[in-house]
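In what follows, every chain begins at residue 1, and chains take the letters A, B, ... in the order their sequences are listed.
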Protein chains: 2
Amino acid sequence: MSAQVPLSRDRVLETAVALADEGGVAALTIRALAARLGVKPMSLYHHVPNKEAILDGIVDAVFAEIELPPEGPDWRAALSRRAHSARAVLARHPWATAVLESRAHPGPATLRHHDAVLGVLKRGGFPYALAAHAYSLLDSYVYGFALTEAALPFAPQDVEEAVGELLEGFPAGEYPHLVEFTEHHVLRPGYEYGAEFGYGLELILDGLAARLAEAGR
Amino acid sequence: MSAQVPLSRDRVLETAVALADEGGVAALTIRALAARLGVKPMSLYHHVPNKEAILDGIVDAVFAEIELPPEGPDWRAALSRRAHSARAVLARHPWATAVLESRAHPGPATLRHHDAVLGVLKRGGFPYALAAHAYSLLDSYVYGFALTEAALPFAPQDVEEAVGELLEGFPAGEYPHLVEFTEHHVLRPGYEYGAEFGYGLELILDGLAARLAEAGR
DNA sequence: ACCTGAACACCGTTCAAGT
DNA sequence: ACCTGAACACCGTTCAAGT
């Protein structure tokens with residue numbers, strides 16, 4: 001209610017993340033943020049230059065939640081761990097992946113991450129070119145998976161209902177493979193989209209390991 | 001100026017895509033859209049129920065630009081072709097990938113695509129589970145790469161300048177691997193982020209081919 | 001049927017004024 | 001120094017009125 005705890009950049013960003021988590025990025029308005037902080041809209045401008053800076057800040061705050069890869073010699077375990085952590089964090093903040101696109105100003109947590117991953121690749125013996133391939137591939141996969149997962153029009157427990165509705169709306173015979181695949185696989189017990197993440201990640205890591213072995217010969 | 005060509009849903013969506021291409025999704029407002037169409041804001045509501053529908057519509061319009069995979073028996077060539085086409089289209093409309101996230105209503109072009117890709121996998125002999133893995137992996141990769149590419153804070157020809165500025169802003173010694181990697185690889189002539197796409201795609205297709213061969217044994 | 005003017009409840013942000 | 005009231009130039013959308 002009252003601003004007993006004084007306002008600060010950190011408290012603004014923390015609350016901004018909470019608002020976005022609850023209602024998506026559209027719910028994150030300066031005015032709503034001020035109300036949640038028990039303060040008038042204009043007060044925020046003493047701690048943050050404008051809304052762009054808030055968006056930059058919360059993206060970096062989300063990055064800070066991702067585990068830095070462990071420093072050990074096992075590049076594969078380190079990258080796998082980091083990828084799983086990134087996916088979990090981005091799933092907790094479904095708005096974050098899309099907001100990344102518009103951010104041209106990487107923050108310190110983001111840069112620290114890039115640095116740590118490049119360190120892992122270097123210690124793993126990746127030549128520069130292969131390190132570039134590996135980084136691009138892994139990051140694209142993780143972000144893309146997070147984006148796809150965030151776009152799923154249903155919570156995992158509601159697949160059946162949501163997919164059923166979708167199928168009913170199809171013109172008969174228009175999407176035969178989609179219907180067949182949905183009925184024979186997606187709606188079968190045991191299918192869960194989230195489980196695809198690990199499969200794809202392992203395939204990519206296998207591929208990188210093979211390329212690295214070739215490069216070392 | 002005057003609405004000689006009568007307004008229509010298609011003309012609204014076409015213009016909406018143009019506005020987003022020019023100024024990002026933030027530049028796509030009902031009012032700007034009406035102005036561009038030489039009409040008053042309220043007129044749009046006779047052809048489109050609201051802004052959400054416009055966003056659904058332009059995402060589907062972008063999907064319609066992606067080449068459907070060819071019908072031939074070569075699954076690998078078909079998927080590669082489709083992936084390259086998708087990446088090119090998403091690069092032409094850098095706002096589109098992020099907008100995907102918020103769209104729970106896939107349009108007909110989107111569904112036709114999913115159907116066609118599943119058809120390719122089926123004719124290629126992919127069991128349902130492997131088809132699911134393949135679809136998730138490829139789509140995540142393509143979207144993630146498009147997102148990363150759209151987030152690059154510079155046009156390809158300005159790498160040197162933009163990256164130079166970024167590096168100068170770093171606290172000394174804070175990001176050693178990032179600095180080393182940038183100087184020894186990113187800033188070297190011949191490096192271009194866009195070229196990473198093909199490498200990653202081939203690695204994924206190699207992996208899928210190996211899994212498919214195993215499944216067939 | 002299609003277009004529109006006025007109005008409503010919102011935005012982010014500036015500026016001058018308070019403590 | 002930090003907070004704020006009033007104001008400005010925007011949003012998307014409803015509703016009643018025009019042709």
Side-chain angles (χ1 to χ4, degrees), chain A residues 1-61 95-96 98-99 101-105, chain B residues 1-61 95-96 98-99 101-105:
Chain A
M1 186 114 309
S2 66
Q4 302 188 341
V5 186
L7 225 46
S8 68
R9 188 185 125 93
D10 278 356
R11 240 159 62 76
V12 169
L13 294 183
E14 201 179 302
T15 309
V17 169
L19 276 181
D21 286 350
E22 290 166 26
V25 88
L28 172 56
T29 69
I30 296 277
R31 289 161 129 103
L33 191 49
R36 176 69 67 97
L37 285 161
V39 107
K40 300 294 166 186
M42 298 319 115
S43 308
L44 303 186
Y45 287 87
H46 289 274
H47 300 94
V48 138
N50 51 40
K51 193 172 177 182
E52 285 295 290
I54 295 179
L55 291 174
D56 282 339
I58 60 178
V59 165
D60 204 53
W95 50 270
V99 174
E101 184 258 353
S102 54
R103 302 299 94 200
H105 299 104
Chain B
M1 187 113 310
S2 66
Q4 303 189 339
V5 186
L7 224 46
S8 68
R9 188 185 127 93
D10 278 357
R11 241 159 61 77
V12 169
L13 294 182
E14 201 179 302
T15 309
V17 169
L19 276 182
D21 286 350
E22 290 166 25
V25 89
L28 171 56
T29 67
I30 297 277
R31 288 160 129 103
L33 191 48
R36 176 70 67 96
L37 286 160
V39 107
K40 300 294 166 185
M42 298 318 116
S43 309
L44 302 185
Y45 287 86
H46 288 274
H47 301 94
V48 138
N50 51 40
K51 194 172 177 183
E52 284 295 290
I54 295 179
L55 291 173
D56 282 339
I58 60 177
V59 165
D60 204 53
W95 49 271
V99 174
E101 183 258 352
S102 54
R103 301 298 94 201
H105 299 103

Value for CG (B/L13) from CG (B/L55), rounded to nearest 0.5 Å, stands at 10.0 Å
Tell me, please, which residues at least two apart from B/D56 pass salt bridge (charged side-chain N to carboxylate O under 4.0 Å, His left out). B/R103
Should the heavy atoms of other residues, nucleotides or ligands under 6.0 Å from NE2 of B/H47 be counted, would the total exceed 12? yes
What's the spacing between A/W95 CH2 and A/I58 CD1 if we round to 0.5 Å? 3.5 Å
Would you mind pulling out the nucleotide paired to D/dT14, Watson-Crick or G-U wobble, both distances under 3.5 Å? C/dA6
To the nearest Å, give me how far apart CG (A/L44) and C1' (C/dT13) are. 12 Å
Examine C/dT4: is either OP1 or OP2 under 4.0 Å from a nitrogen or oxygen in the side chain of B/S43? Give yes or no. yes
Nucleotide C/dT14, atom C1' - distance to CD1 of A/I30 in whole Å: 13 Å
Sugar-phosphate means primed atoms, P, OP1 and OP2; the rest is base. With that split, encode nucleotides 5-10 of chain C 5' to 3' as B, S or - using protein heavy atoms under 4.0 Å. B-----
Length of the line joining B/E52:CD and D/dG12:C1', which is rounded to integer Å: 11 Å
Distance in Å, A/L44 CG paired with A/K51 NZ, rounded so as to fall on 0.5 Å steps: 11.5 Å
From the options B/V25, B/L33, B/T29, select the one residue that forms a side chain to side chain contact (heavy atoms under 4.5 Å, CB included) with B/L19. B/L33
Please give, in whole Å, the distance from C/dC3 P to B/L37 CG? 10 Å
C/dT4 P sits how many Å from B/H47 NE2, rounded? 11 Å
Proximal nucleotide (of D/dG12, D/dC3, C/dT13) relative to the A/K51 side chain: C/dT13
Residue-phosphate contact under 4.0 Å: A/Y45 side-chain N/O, C/dT14 OP1/OP2: no
What is the distance, rounded to the nearest whole Å, between atom CG of B/L33 and atom P of C/dT4? 14 Å
If you round to the nearest 0.5 Å, how far is CE of A/M42 from CZ of A/R31? 6.0 Å
Tell me whether the side-chain N/O atoms of B/H46 come closer than 4.0 Å to OP1 or OP2 in C/dT4. no
